[in-house]
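Please read the structure below before turning to the comments.
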Amino acid sequence: MGKEVEVLDADGKKYRGILKAVDGNDFTVTTQEKVKVEGKKRPELQEVDHDFKMDKVKYTKYLISFK
C-alpha cells in the first residue's frame with residue numbers, strides 16, 4: 001500500500017495511481033483526474049478513488065521510478 005500502480009480493468013481502461021487499500025478480494029486505487037466542479041468553468045485536478053475486484057482486472061503492476 002502507498003505505492004504507485006497501474007491497473008488494466010476488464011474493459012481495457014488503464015488507471016494509474018496510488019494503491020490506497022486492500023481488503024480481501026477488493027482493492028482501491030486513488031488517481032488524479034480532472035473533474036468538472038459545479039459553478040466553475042474549467043475542470044479541476046482532484047483525487048478520485050476507484051474500487052476494483054482482483055478477479056475482474058487483467059493486471060495490476062507496480063510502477064518503478066528512478067528519481
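Atom set for the values below is all heavy atoms of this structure, side chains included, hydrogens, waters and symmetry mates excluded.
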Is M54 close to V22 at the side-chain level, that is, under 4.5 Å between some pair of heavy atoms?
-> yes

To the nearest 0.5 angstrom, please state how far the CD1 atom of I64 sits from the CD atom of E4.
-> 11.0 Å

Residue Y59 excluded, over 12 heavy atoms near OH under 6.0 Å | yes

From the options K20, K53, K56, select the one residue that forms a salt bridge (Lys or Arg N to Asp or Glu O under 4.0 Å) with D26.
-> K53

Between Q46 and V35, what is the shortest heavy-atom contact and its length?
-> OE1-CB, 3.9 Å

Rounded distance [0.5 Å steps], CE in M1 versus OG1 in T28 | 9.5 Å

Minimal heavy-atom distance between D9 and K13, with the atoms involved, is OD1-N, 2.8 Å

May I ask you to check whether over 12 heavy atoms, not counting those of K36, lie within 6.0 Å of atom NZ?
-> yes

Does CG in L63 sit with more than 12 non-hydrogen atoms of other residues, nucleotides or ligands closer than 6.0 Å?
-> yes

Got a second to check how far T60's OG1 is from L8's CG, nearest 0.5 Å?
-> 8.5 Å

Is it true that I18 and V7 fall in one hydrophobic cluster, defined by side-chain heavy atoms closer than 4.5 Å?
-> no

List the atom of L45, the atom of Q32, and the distance in Å for their closest heavy-atom pair.
-> CG-OE1, 3.5 Å

For P43 and K34, the nearest pair of non-hydrogen atoms, with its separation, is CB-CB, 4.0 Å

Does any pair with a residue in residues 14-33 pass ring pair (Phe, Tyr, Trp, His ring centres under 6.0 Å), and if so which ones, sequence neighbours excluded?
-> Y15-H50, Y15-F52, F27-F52

If you round to the nearest 0.5 Å, how far is CD of E33 from CG of D49?
-> 10.0 Å

